Protein chains: 2
Amino acid sequence: MLSKNKAKIISHLAQKKQRLEQGLFVVEGEKIAGEMLTTNRIDIHEIYALESWVEQNERLLRRYSNRIFTVTEAELKQISSLVTPNKVLMVAQLPPPQYDDAVINASFSLYLDGIQDPGNMGTILRTADWFSIPYVFCSPSCVDVWNPKVLQASMGAFIRVQSFEVAFDDLKKRFPDLPVCVSLLRGDNLFALKQAFPKNGLIVIGNEGNGISADIIADADYKITIPGGMTGAESLNAAVSCGILVSHLVNQ
Amino acid sequence: MLSKNKAKIISHLAQKKQRLEQGLFVVEGEKIAGEMLTTNRIDIHEIYALESWVEQNERLLRRYSNRIFTVTEAELKQISSLVTPNKVLMVAQLPPPQYDDAVINASFSLYLDGIQDPGNMGTILRTADWFSIPYVFCSPSCVDVWNPKVLQASMGAFIRVQSFEVAFDDLKKRFPDLPVCVSLLRGDNLFALKQAFPKNGLIVIGNEGNGISADIIADADYKITIPGGMTGAESLNAAVSCGILVSHLVNQ
């Protein structure tokens with residue numbers, strides 16, 4: 001049985017402030033829960049699931065026996081942030097920030113400058129995951145990565161991609177030699193780059209409405225354009241433009 | 001004043017069946033309304049707007065004088081499908097399908113095979129618009145292009161990009177020589193294509209969960225892979241993978 005107090009604590013984890021205070025976040029659904037259990041990269045604090053799901057996943061759940069709580073569909077609905085709750089909800093520990101400076105200096109990373117839409121944020125994490133980008137840095141103005149809608153849209157990418165909130169200036173102080181690449185309306189054509197692009201650096205993705213901050217643009221080493229907009233289109237979706245940039249730079 | 005009956009008719013246009021029966025659809029918000037008025041490509045049937053918006057846009061609205069109805073915020077909320085209604089709602093005529101066979105035979109077009117998510121559909125239209133792709137064909141299993149959420153996510157792209165519902169077989173019968181390109185997990189690497197890709201054809205984008213139908217794959221002339229997934233990621237978001245494919249094929 002789910003106590004009222006417990007239900008309240010879990011529901012409150014929908015808020016960023018509560019997640020930070022408790023050091024916990026919530027993930028939901030069979031698919032992501034399965035990945036959390038098999039990859040074992042993020043510490044699972046508690047598992048709330050329908051009895052049928054617990055029975056089906058007995059083997060995977062063995063070492064969590066004292067942290068599994070069977071709930072009814074009504075109880076799951078009470079703590080779920082999904083319109084249609086999906087059998088299991090996990091409370092997990094926010095992973096501590098772990099910078100591997102050597103990896104960051106040798107890889108492409110993303111810097112998200114004010115991504116607001118949870119769907120876009122999740123989709124960007126999923127893209128990073130697909131192209132083996134290990135780090136996604138987020139400006140403090142971004143939607144929180146541990147927001148349930150972001151995690152859902154990421155399709156489990158948050159388990160493999162490391163993401164941290166950090167101001168651009170602080171990141172540049174720590175990695176002063178990392179090339180910075182921004183996309184603008186008037187930059188070099190991505191599909192006809194005159195200079196070879198390095199195999200590492202920060203690829204900056206701007207806010208959905210306002211693009212990239214002026215101070216980051218001023219600091220950029222590479223200014224790139226995804227050519228288009230001839231018919232009157234104003235812009236690409238932020239997650240799509242991220243996918244185009246990353247796919248091309250990683251595979252150049 | 002907005003009559004109850006009128007409000008009901010407009011609200012019903014949220015349903016595909018009603019849109020087809022009436023030959024009408026609804027678009028909302030200042031930005032898209034402004035584009036509808038300035039581009040003048042889609043026939044506007046009626047305009048419902050706050051008085052302040054009508055006053056601000058007097059010049060653009062001149063020739064619609066007998067089709068403008070000022071409404072209160074409460075009345076707008078009643079007919080709006082947005083959480084926060086945005087000053088103006090237009091009822092417009094569904095544009096009749098107009099195939100320009102010569103253009104289709106000479107261009108890239110998209111064929112969407114069961115895109116379900118309105119956000120993805122709208123984002124794909126926006127991508128087509130950016131890369132000057134004039135036609136987006138949709139399988140009958142797709143979410144309807146004239147769904148309000150699709151139009152909103154398209155950021156006005158539906159005004160410039162022509163989209164029709166058509167079964168793949170019927171399209172192939174009409175354009176038998178058009179090359180068909182699908183993306184699969186095991187195809188040719190998009191970033192190292194061994195054969196030159198034509199400058200026209202159907203780029204097929206599959207359903208979010210199930211990918212592209214087996215019969216379309218069997219019919220494909222080009223089978224392409226967006227390389228990735230080394231860390232365990234299962235797939236890219238459909239709209240992102242569309243953006244990567246289109247950007248690369250258009251700019252090869």
Side-chain angles (χ1 to χ4, degrees), chain A residues 31-32 34-35 38-39 41 117-120 122-134 153-162 185 189-193 208-209 225-252, chain B residues 31-32 34-35 38-39 41 117-120 122-134 153-162 185 189-193 208-209 225-252:
Chain A
K31 196 173 167 305
I32 296 184
E35 277 197 72
T38 47
T39 56
R41 292 199 193 185
D117 181 84
N120 280 342
T123 302
I124 290 172
L125 289 175
R126 194 172 160 194
T127 301
D129 191 15
W130 183 257
F131 291 108
S132 306
I133 290 194
S154 87
M155 303 286 279
F158 68 91
I159 297 172
R160 290 170 293 268
V161 176
Q162 305 228 46
L185 280 181
N189 182 338
L190 175 66
F191 300 98
L193 290 176
E208 287 90 346
T225 292
I226 300 172
M230 309 301 288
T231 50
E234 265 180 48
S235 63
L236 285 164
N237 163 277
V240 169
S241 109
C242 171
I244 294 171
L245 279 171
V246 167
S247 68
H248 199 79
L249 294 176
V250 165
N251 289 291
Q252 61 182 323
Chain B
K31 198 172 166 304
I32 294 183
E35 277 196 73
T38 49
T39 56
R41 291 198 195 186
D117 181 84
N120 280 343
T123 302
I124 289 171
L125 288 176
R126 195 172 161 194
T127 301
D129 192 16
W130 183 258
F131 290 108
S132 305
I133 288 193
S154 88
M155 303 286 277
F158 68 92
I159 298 172
R160 290 172 294 269
V161 176
Q162 305 228 47
L185 281 179
N189 183 339
L190 175 67
F191 300 98
L193 290 177
E208 288 89 346
T225 292
I226 301 171
M230 309 301 289
T231 51
E234 264 181 48
S235 63
L236 285 164
N237 164 277
V240 169
S241 108
C242 171
I244 294 171
L245 278 172
V246 167
S247 69
H248 198 80
L249 294 178
V250 165
N251 288 289
Q252 62 183 323

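Bear in mind that the values here come from a model prediction, so they are computed numbers and not experimental data. In the text below, chain A, chain B and the rest are named by the order of the sequence lines, each starting its count at 1.
Neither the backbone nor the side chain of B:I159 comes within contact range of chain A; no heavy atoms are under 4.5 Å apart. With a 4.5 angstrom heavy-atom cutoff, B:Q252 does not touch chain A via any of its atoms. If you measure heavy-atom distances from B:T123 to chain A, the contacts under 4.5 Å come from the side chain alone. Both the backbone and the side chain of A:P227 have a heavy atom closer than 4.5 Å to some heavy atom of chain B. Contacts of B:S235 with chain A are made by both backbone and side-chain atoms, with heavy-atom separations under 4.5 Å.
When each of A:V161, A:I124, A:T127 is scored by its heavy-atom pairs under 4.5 Å with chain B, the top score falls to A:T127. With chain A as the partner, the residue from B:V240, B:T231, B:L236 showing the most heavy-atom pairs under 4.5 Å is B:L236. Counting heavy-atom pairs closer than 4.5 Å to chain B, the top residue among A:V250, A:L245, A:N251 is A:N251.
Each of B:M155, B:K31, B:R126 was checked for a side-chain contact (heavy atoms from CB on, under 4.5 Å) with A:E234, and the lone residue meeting it is B:K31.
In this structure, A:F191 and B:H248 have perpendicular ring planes: the angle between them is above 60°, well past the 30° mark.
Listed here is the closest heavy atom pair of A:M230 and B:S132: CB-OG, 3.7 Å. Scanning all heavy atoms of the two residues, the minimum distance from A:A233 to B:D129 falls at CB-OD2, 3.2 Å.
Taking OG of A:S247 as the start and CG of B:L190 as the end, the distance is 7.5 Å to the nearest 0.5 Å. Distance check, rounded to the nearest 0.5 Å: CG of A:N120 to CG of B:N237 gives 9.0 Å. From B:I244, atom CD1 reaches atom CZ of A:F131 across 4.0 Å, with rounding to the nearest 0.5 Å.
Environment of CG in B:L193: crowded, with over 12 heavy atoms of neighbouring residues, nucleotides or ligands closer than 6.0 Å.
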### Query
Run the side chain to side chain contact (heavy atoms under 4.5 Å, CB included) check on A:W130 and B:I226 step by step: do they pass?
CA-CA 9 Å; A:W130 183 257; B:I226 301 171; 3.9 Å; yes
